Asker: 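Please read through the structure below; I'll follow up with questions.
To find a chain, count down the sequence lines: A is the first, B the second, and so on, and within it residues start at 1. Everything numeric here is computed off the predicted structure, so don't read it as measured data.
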Number of protein chains: 2
Amino acid sequence: MTDTTAPSLASLAVPECHIRETGLLPEHVTAFRRQGVLAVRGLLSPAELESVQEAAAGLIDDAWRTRSMHDTIWTLEPHEPDAAPVRIEYVMDKSPVMARLAGHPLLLRAMETLVGPNFIPTWDSMVFKTTAGAPRLAWHRDGQMYSDAVAVTGGGRVIDVGIYLDHAPEDNCVWAIPQSNYWEDEQVTETADRLNATEWDATGAVPAVMRPGDALLHNILTLHGAPAVVGKQRRVVYYEYRPGEVERQLGPHVPEYVGLKQQVLRACLEQRAASGEHRDEEPFEYRPVEQYRLWDESPAISGLRFPHEEYWRW
Amino acid sequence: MTDTTAPSLASLAVPECHIRETGLLPEHVTAFRRQGVLAVRGLLSPAELESVQEAAAGLIDDAWRTRSMHDTIWTLEPHEPDAAPVRIEYVMDKSPVMARLAGHPLLLRAMETLVGPNFIPTWDSMVFKTTAGAPRLAWHRDGQMYSDAVAVTGGGRVIDVGIYLDHAPEDNCVWAIPQSNYWEDEQVTETADRLNATEWDATGAVPAVMRPGDALLHNILTLHGAPAVVGKQRRVVYYEYRPGEVERQLGPHVPEYVGLKQQVLRACLEQRAASGEHRDEEPFEYRPVEQYRLWDESPAISGLRFPHEEYWRW
Ligand code: NI
Ligand code: NI
């Protein structure tokens, strides 16, 4: 047997796909599955980026103005003087621009290739750091909800897509540990505990430096974290996708959730197609298999907000 | 909501990839995941086809000559006058040509893209119909070994590759039911029972017409069968692939099997590289993630034959 040298540090950097130049190629698919992260450069056109930035600013302004806790997470109780909003849930329902963004053809084609033809949208939110600053994001995996999680989704079929509206330079970006999507639970726990024991330790991790309009894909099993930051704005829209067949057999939501969220996806596609702004693009065509064309079997929807806690299986 | 019409029959034909012209594209990945089958046209060069045909003929001649049951399945007890051999196991170990075939770069690149970077070879065999004829192959799924099988591999991460050495025309080919890889157990059982109740019923199925040198990929969950045939020779080399992380967490073999079969794969790659016949091709580079580079952790191998029954987990 020839000796095979260990991968160099360089090979562990976040792999990149310049999606408007090449599309998502087989080598991007494998790089994402291998490393657990993929930077999709230039996903949004300048015009769409501007429109999403404006919508995001509107949602954040609403939070400050209303000081509501409805679908909004604050650093402290909203009435406290230093409180700041940091996360807003169900953004597709709150902003037609966010709904149209969820119909983005390049994004959805990438999800079809990576997640499979029956993919459905699950979580949608916006996470932001205001100039008030933000504490570190401790090292974590996003979801550990399946037993034998590495077998089910180590290869990257449950994907969190972060669409960046602002620069995320090295001192204000997410860091990820490549290939940790394949780690067993004990290694994840041991590593997270060790790294989280000091204020910021990124041993073994690589920075996901992002520009406005880029998207960072991460496998929900990839260990990631972010350093504390002061005085910088950074807004990220997060859309998560899962295979319909995994959701239906294993959850975490009830089986009916699949047909409901397929209706959400189809509504987003319709709203995008109906808007004059995206006239020149080839729309994404959603084509799950017969068995998973469930939108007509579930009650018609009247909005795009499906609170997770109303649909948990357990 | 706009109405979406049901897929036409045409859209349910076996999708095709002319691999030497286009490589395996994202649309082939999605077509395979959706339909559960994919015809890879012209995988073997004429020279390699000829060499594999010769090796296959040699293995079949050996079976007839020795009338041995070692790794060989016969239609009747081998000493009976009408007995014919129909299947030989562990062909990589029995023929250097079959071992080199298992190192085929286009095949392995396709497996890396479809199964993931940690793919391992599992089963290897040759199935053949001699001019003595063959009974029908009843409708079946190849493997039902995982609970929640559709969630684990409905999308096609466990793949059976049939490399055709002879023509398989419509009256002597495998038929498959597209998208049955996503069916629940009850629908599979009900359909197989119904179709198997008469001698040959292919309702809902499509023929996988193959030419020598083509490969048929099928998801192990896809329902398939074949009509009885008389007087035609048809030889198919079957190589199966699984994700290392699925094998290691869920079986069916013991965890140590992963490192052993990775050694088999690496040996096949070395043998192919060492042979003068494939001098002009770019070899496949096997690059699983750190966690799944297990070849050095398992005992060195002295052959390519790892009998399944010695490695079952249960
Ligand atoms: Ni996270
Ligand atoms: Ni079979």
Asker: When only pairs under 4.5 Å are counted, which of B:Val246, B:Val152, B:Val150 shares the most heavy-atom pairs with chain A?
Answerer: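 Option with the greatest count: B:Val150.
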Asker: Would you please go through residues 107-117 of chain A and name the residues with a non-hydrogen atom below 4.5 Å from one of chain B, in numerical order?
Answerer: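 Within residues 107-117 of chain A, the residues that come under 4.5 Å of chain B (heavy atoms only) are A:Glu112, A:Thr113, A:Leu114, A:Val115, A:Gly116, A:Pro117.
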Asker: Select one option (side chain, backbone, both, neither) describing which atoms of A:Val29 are under 4.5 Å from chain B's heavy atoms.
Answerer: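 The side chain, not the backbone.
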Asker: Kindly give the heavy-atom pair with the smallest separation between B:Gln291 and A:Tyr182, and that separation in Å.
Answerer: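 So the two residues come closest at CG-O, 3.8 Å.
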Asker: Considering non-hydrogen atoms only, spot the tightest contact between A:Ala151 and B:Glu245 and give its length.
Answerer: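 In terms of heavy atoms, the two residues are closest at CB-O, 3.9 Å.
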Asker: So what's closer than 4.5 Å to chain A heavy atoms on B:Gln187: side chain, backbone, both or neither?
Answerer: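 B:Gln187 touches chain A through side-chain heavy atoms alone.
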Asker: So which heavy atom on A:Glu290 is nearest to which on B:Gln179, and how close?
Answerer: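 Scanning both residues completely, I find the closest heavy atoms to be N-OE1, 2.9 Å.
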Asker: Suppose we screen for side chain to side chain contact (heavy atoms under 4.5 Å, CB included). Which residues come up paired with A:Ala273, at least two apart in sequence or across chains?
Answerer: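 With neighbours one apart ignored, the set is empty.
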Asker: Given the options B:Leu269, B:Asn181, B:Thr30, which has more heavy-atom pairs under 4.5 Å with chain A than any of the others?
Answerer: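 The answer is B:Thr30.
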Asker: Using a 4.5 angstrom heavy-atom cutoff, name the option from A:His28, A:Glu27, A:Arg157, A:Arg248 with the most pairs to chain B.
Answerer: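 Most heavy-atom pairs within the cutoff with chain B belong to A:Arg157.
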Asker: Can you tell me if B:Arg34 uses its side chain to pair, donor with acceptor, with the backbone of A:Arg287 under 3.5 Å?
Answerer: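 Checking the backbone N and O of A:Arg287 against the side chain of B:Arg34, a donor-acceptor pair under 3.5 Å is found.
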